[in-house]
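Here is the structure we will look at.
Predicted, not measured: the structure shown is a model, and the values here were computed from it. Lettering follows sequence order; numbering is per chain, from 1.
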2 protein chains.
Amino acid sequence: MHTFTEENYLKAIYKLEEQTGETVINSDLAKALSIHSATVTDMLKKMSQKKLITYEKSKGFELTDKGKKLAIGIIRRHRLWEVFLVENLAFGWDEVHDMAEQLEHIQSEDLINRLDRYLGHPKADPHGDPIPNEKGVFAKSKATLLSTLNTGTSCVFSGVTDHSATFLSYLDKVKLSLGDTIKIIEIEEYDKSFILGLEGRKSITISSKIANSILVVAEPSK
Amino acid sequence: MHTFTEENYLKAIYKLEEQTGETVINSDLAKALSIHSATVTDMLKKMSQKKLITYEKSKGFELTDKGKKLAIGIIRRHRLWEVFLVENLAFGWDEVHDMAEQLEHIQSEDLINRLDRYLGHPKADPHGDPIPNEKGVFAKSKATLLSTLNTGTSCVFSGVTDHSATFLSYLDKVKLSLGDTIKIIEIEEYDKSFILGLEGRKSITISSKIANSILVVAEPSK
DNA sequence: CTATTATTTTAGGCTTATCTAAAATAATAG
DNA sequence: CTATTATTTTAGATAAGCCTAAAATAATAG
Ligand SMILES: [Mn+2]
Ligand SMILES: [Mn+2]
Ligand SMILES: [Mn+2]
Ligand SMILES: [Mn+2]
């Protein structure tokens, strides 16, 4: 139906819209895809002909409903495959992204819906990102950055904003995993590093850079 | 590493070599891939430059060791994914080929070896075709066509030579499955149709065309 | 408002994988 | 051995995706 390239454009545009909440501009998309602006312009024309985006010369552009639906489908596939790789094939969460980048392009509604059922209709992928259901519906996350909270707050580690293997394997090293309950014991005035209390183990210190890539939600009321 | 296209050429050449036991010729490959001879000629030049095949103008061509190794790897991936789709996602054996055609191109040694382990190192795919191991080794089948056997022979249904969905779903309809023990009760003189005895159920009649696409092995000695 | 800077588009090229039509080569029948 | 047929190769095109360099347009600072 659609080429890999087109699907990658769709996904990238979707994520930029999500991030900025605005119309996407050429240069941002070019940067996201590591290609040149001239190439993007070419493709925008084609995609707008196919009614995947609205586009006016030298203005920004955004996904049409059709484009958005396709983009969400690609994200659904990506995240479901990541769950499979981690849950069933025992890959680490830092290892699965590149494989999922390939697997997300496999075309078969039936396949992905059966995979979803096989995995037990997971709500989130190994990085805490929500998985759209068959209809493309998914809960908007109410997570906040750990770095925005105050000393004394307790919360639960629910996601990451940095998906790089180096960041994720750093979290493995310090044994921070999704679902962990975290209490902010202290925020160091000088460098904004965080001292975190963790259930049943020694507290750890993380830099502000790390705290700025960790998403948390309020502690579940019991 | 290699493009989908190149991988499809490799697989097709491998299968033609396997079938004919000979050097492959342009027109056969063109037919197998549903493309034109001129296109094949182009690609043969490129593949021979990459040392994937030996090739001399207007002679036939064959896979080098390097090409053969790659081809077997693709077949391994195809068949392992088919097992996954049938065993884990409950697809019918007539439904999985097109998905496997896509999945076979996913690049990751680690992924396919983990999938192999997850599936319990299956020896054959849902159609009875042998699955090469990590090193590319697999048993050459000693199956024969049902149509070559004589009245009175007992054997076990072990594979098919026609992989089309129509043929496979016909077998489903008459409830013939891999592993079934079959006894040839009678071969009709006039049209070479076969009457087959099946353990614990009524005998069935199949046409010579069907008998000619069914592979069987000798009944296991108990 | 205008000059400078930033962004986008156009123009012209390249590569891969395909096609059609024509030319060259090989195989085969008589 | 030669004429006819079959197969393969060459030549010239096309479409998708990408590039660089130059031109056009938009944004911004003074
Ligand atoms: Mn990912
Ligand atoms: Mn993810
Ligand atoms: Mn198959
Ligand atoms: Mn198969």
Side-chain angles (χ1 to χ4, degrees), chain A residues 1-14 16-17 19-20 22-63 66-67 70-71 74 101-102 104-107, chain B residues 1-14 16-17 19-20 22-63 67 70-71 74 101-102 104-105 107:
Chain A
M1 197 68 174
H2 297 93
T3 63
F4 283 27
T5 307
E6 216 168 64
E7 292 199 335
N8 287 335
Y9 274 80
L10 285 169
K11 194 173 56 152
I13 296 168
Y14 182 88
L16 288 170
E17 283 186 358
Q19 267 168 45
T20 64
E22 284 168 41
T23 288
V24 181
I25 64 171
N26 186 315
S27 51
D28 285 349
L29 182 54
K31 197 180 297 168
L33 293 169
S34 303
I35 54 179
H36 290 241
S37 265
T39 307
V40 168
T41 302
D42 264 5
M43 189 59 112
L44 291 180
K45 285 180 198 160
K46 291 176 196 161
M47 290 177 75
S48 115
Q49 268 192 329
K50 295 188 185 178
K51 309 275 188 217
L52 297 172
I53 55 169
T54 62
Y55 164 66
E56 276 179 281
K57 254 185 12 183
S58 286
K59 303 256 163 68
F61 47 91
E62 47 188 46
L63 294 175
K66 182 182 168 195
L70 286 166
I74 298 157
E101 285 292 309
Q102 300 179 64
E104 72 188 4
H105 301 293
I106 302 293
Q107 299 291 357
Chain B
M1 195 69 176
H2 298 94
T3 63
F4 282 27
T5 307
E6 215 168 64
E7 292 199 337
N8 286 335
Y9 273 80
L10 284 169
K11 194 173 56 151
I13 296 168
Y14 182 87
L16 288 171
E17 283 186 0
Q19 266 168 45
T20 64
E22 285 168 41
T23 288
V24 181
I25 64 171
N26 186 315
S27 50
D28 285 350
L29 182 54
K31 196 180 300 168
L33 294 169
S34 303
I35 54 179
H36 291 243
S37 266
T39 309
V40 169
T41 302
D42 264 5
M43 190 58 109
L44 291 180
K45 286 181 198 160
K46 290 176 197 161
M47 290 176 76
S48 114
Q49 270 193 327
K50 293 188 185 176
K51 307 275 187 216
L52 297 171
I53 56 169
T54 62
Y55 165 65
E56 276 178 281
K57 254 188 7 188
S58 286
K59 302 256 164 67
F61 47 91
E62 47 188 45
L63 293 174
L70 286 166
I74 298 156
E101 284 293 308
Q102 299 179 63
E104 72 188 5
H105 300 293
Q107 299 291 355

Next item on the list: For DNA chain D, just give me the dot-bracket, please: Watson-Crick or G-U, both distances below 3.5 Å, ( ) intra-strand, [ ] crossing earlier pairs, | paired with another strand, . unpaired.
Entry: ||||||||||||||||||||||||||||||
Notebook entry, point to check: Among residues 39-52 of chain A, which contact DNA chain D at a heavy-atom distance under 4.0 Å?
Noted result: A:Thr39, A:Asp42, A:Met43
Next item on the list: Rounded to the nearest angstrom, tell me the gap between atom NE2 in B:His2 and atom P in C:dT16.
Entry: 13 Å
Check: Can you name the side chain to side chain donor-acceptor pair (under 3.5 Å) partners of B:Thr54, sequence neighbours left out?
Finding: none
Note to self: The criterion is salt bridge (Lys or Arg N to Asp or Glu O under 4.0 Å); which residues satisfy it with A:Glu22, sequence neighbours excluded?
What the structure shows: none
Notebook entry, point to check: If you look only at pairs with a residue in residues 37-47 of chain A, which of them pass as a salt bridge (Lys or Arg N to Asp or Glu O under 4.0 Å), with sequence neighbours excluded?
Noted result: none
Identify all side-chain donor-acceptor contacts of residues 30-40 of chain A below 3.5 Å with residues at least two apart in sequence or on another chain.
| from | atom 1 | to | atom 2 | distance (Å) |
| --- | --- | --- | --- | --- |
| A:Ser37 | OG | A:Asn26 | OD1 | 2.8 |

Notebook entry, point to check: More than 12 foreign heavy atoms under 6.0 Å from NZ of A:Lys66: is that the case here?
Noted result: yes
Next item on the list: Assign A:Tyr55 to base, sugar-phosphate, or nothing according to its heavy-atom contacts below 4.0 angstrom with the strands shown.
Entry: sugar-phosphate
Next item on the list: Determine, using ring centers only, whether A:Tyr14 and A:Tyr9 are less than 6.0 Å apart.
Entry: no
Next item on the list: Flag the pair A:Val24 / A:Leu63 as yes when at least one side-chain heavy-atom distance between them is below 4.5 Å, and no otherwise.
Entry: no
Check: Partners of A:Thr23 by side chain to side chain donor-acceptor pair (under 3.5 Å), sequence neighbours excluded?
Finding: A:Glu62
Next item on the list: Name all residues meeting the side chain to side chain donor-acceptor pair (under 3.5 Å) criterion together with A:Gln19; count only those two or more places apart in sequence or in a different chain, and write none if there are none.
Entry: none
Checklist line | Closest approach of B:Ile25 to B:Phe61 (non-hydrogen atoms, all atoms of both residues) | finding: C-CE2, 3.8 Å
Checklist line | Close approaches to DNA chain C from residues 4-12 of chain B, in residue order (heavy atom, under 4.0 Å) | finding: B:Thr5, B:Tyr9
Next item on the list: Name the nucleic acid region contacted by A:Ser27, choosing base, sugar-phosphate or nothing; use a 4.0 angstrom heavy-atom cut-off, strictly under.
Entry: sugar-phosphate
Notebook entry, point to check: Are OP1 or OP2 of C:dA17 and a side-chain N or O of B:Thr3 less than 4.0 angstrom apart?
Noted result: yes
Checklist line | salt bridge (Lys or Arg N to Asp or Glu O under 4.0 Å) partners of B:Glu6, counting only residues at least two apart | finding: B:Lys50
Check: Which nucleotide span of DNA chain D, 5' end to 3' end, has atoms closer than 4.0 Å to non-hydrogen atoms of chain B?
Finding: D:dT8 to D:dT10
Note to self: Please enumerate all residues that pass side chain to side chain donor-acceptor pair (under 3.5 Å) together with B:Gln107, with sequence neighbours excluded.
What the structure shows: B:Glu7
Checklist line | Validation row: A:Thr41, A:Lys57 side chains within 4.5 angstrom (heavy atoms) | finding: no
Next item on the list: May I ask you to verify if any side-chain N or O of B:His36 is less than 4.0 angstrom from the OP1 or OP2 atom of C:dT20?
Entry: yes
